[in-house]
Amino acid sequence: DKTNMFPLIQRCCFNTPFKLQKVTGPRLLLRGKNETPCCSPGPRPRPPSAALSLAPAAVCAAQLRAFRSSPAASQRKAPAESPAEWQKGRQSPGGCPRAVLRLSLGALAPFVAAPLAMALQGAYCPRLALAQVAYGAVTASFLGGVRWGFALLENGPARPDWRNLANGTVPPLLACQALLFKDVTEGAVMLVLALGIALHYDLSLLPAYPRWFKVLRVVGTVVMVSSLLATVALKAWLEEKESDDRKMWQN
């Protein structure tokens with residue numbers, strides 16, 4: 001019988017209560033027999049089961065919208081790193097920034113490489129010694145430019161007066177003079193003088209430099225001066241050794 005089968009099918013498909021199916025099932029069948037399926041002028045009534053089935057979806061959508069608009073969900077972001085923590089994470093144990101330390105150590109490599117290569121080969125190389133003097137002149141000029149940059153800072157501890165700016169030009173002038181010498185020994189000695197004057201300026205005339213920068217300047221100057229003096233000593237010793245070997249072969 002159709003009137004008995006419809007409540008069972010509707011209960012299985014739409015999950016509506018049994019009382020509602022018992023009341024609306026026969027009425028829907030009778031209404032379908034009496035009315036034409038496609039000529040009704042007014043809107044077709046929606047079955048109660050559809051309204052019941054859409055209710056959970058509307059509740060879920062409302063809950064999801066409330067969760068998205070809640071301040072706890074919108075303000076849940078990763079904690080921002082403070083500038084102090086950012087700076088501390090990029091510093092060495094002595095307070096020096098790691099980038100400055102690594103670049104400074106890399107800049108000292110050409111100074112150490114020149115005398116080390118000549119000592120390992122056991123022969124003096126004039127081109128290598130000249131390259132070391134030229135690189136030392138560039139480094140001395142750079143140190144003078146650092147003083148200019150420090151003095152030209154707005155509201156900085158050093159004023160752009162004659163003393164600070166003139167002291168910044170002394171190392172480049174001595175470096176230029178070192179390149180004019182034909183002998184590498186004279187050029188190296190002039191560079192040692194330029195580097196010593198630049199270190200004296202940075203330690204005594206500008207005490208506002210950070211402590212880690214002063215320590216780095218002292219260590220860097222000691223390495224550069226030692227490398228230049230080592231080149232001069234190797235030049236004298238290796239040239240004398242070569243001359244002795246020539247005399248021995250001639251005799």
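Quick note: numbers below take in every heavy atom, side chains included, and nothing from hydrogens, waters or symmetry partners.
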Same hydrophobic cluster for [X] and [Y], using side-chain heavy-atom links shorter than 4.5 Å among ILVMFWY?
X      : Y      : value
Phe181 : Ile197 : yes
Leu143 : Val138 : no
Tyr124 : Val189 : no
Leu229 : Met118 : yes
Met190 : Val232 : no

Rounded at 0.5 Å granularity, tell me how far [atom1] in [X] sits from [atom2] in [Y].
X      : Y      : atom1 : atom2 : result
Cys125 : Leu234 : SG    : CG    : 12.0 Å
Glu186 : Leu180 : CD    : CG    : 11.5 Å
Leu203 : Thr221 : CG    : OG1   : 8.0 Å
Arg217 : Asp202 : CZ    : CG    : 4.5 Å

For a quick test of reading the model, state the closest non-hydrogen atom pair linking [X] to [Y] and the distance between them.
X      : Y      : result
Ala134 : Leu179 : CA-CD2, 3.8 Å
Gly144 : Pro172 : CA-CD, 4.4 Å
Ser141 : Ala175 : OG-CB, 4.0 Å
Leu216 : Ser104 : CD2-OG, 3.4 Å
Leu191 : Ala178 : CG-CB, 3.9 Å
Leu228 : Ala188 : CD1-O, 4.2 Å

Pairwise side-chain contact, [X] with [Y], heavy-atom cut-off 4.5 Å (strictly under):
X      : Y      : result
Val170 : Tyr201 : yes
Phe111 : Thr139 : yes
Ser226 : Val222 : yes
Met224 : Leu108 : yes
Val100 : Trp212 : yes

Donor-acceptor contact present, side-chain [X] to main-chain [Y], <3.5 Å:
X      : Y      : result
Arg147 : Ala198 : no
Gln132 : Ala114 : no
Tyr135 : Ala107 : yes
Thr169 : Ala166 : yes

Taken in chain and number order and not counting sequence neighbours, the residues that satisfy salt bridge (charged side-chain N to carboxylate O under 4.0 Å, His left out) with Glu239 are Lys235

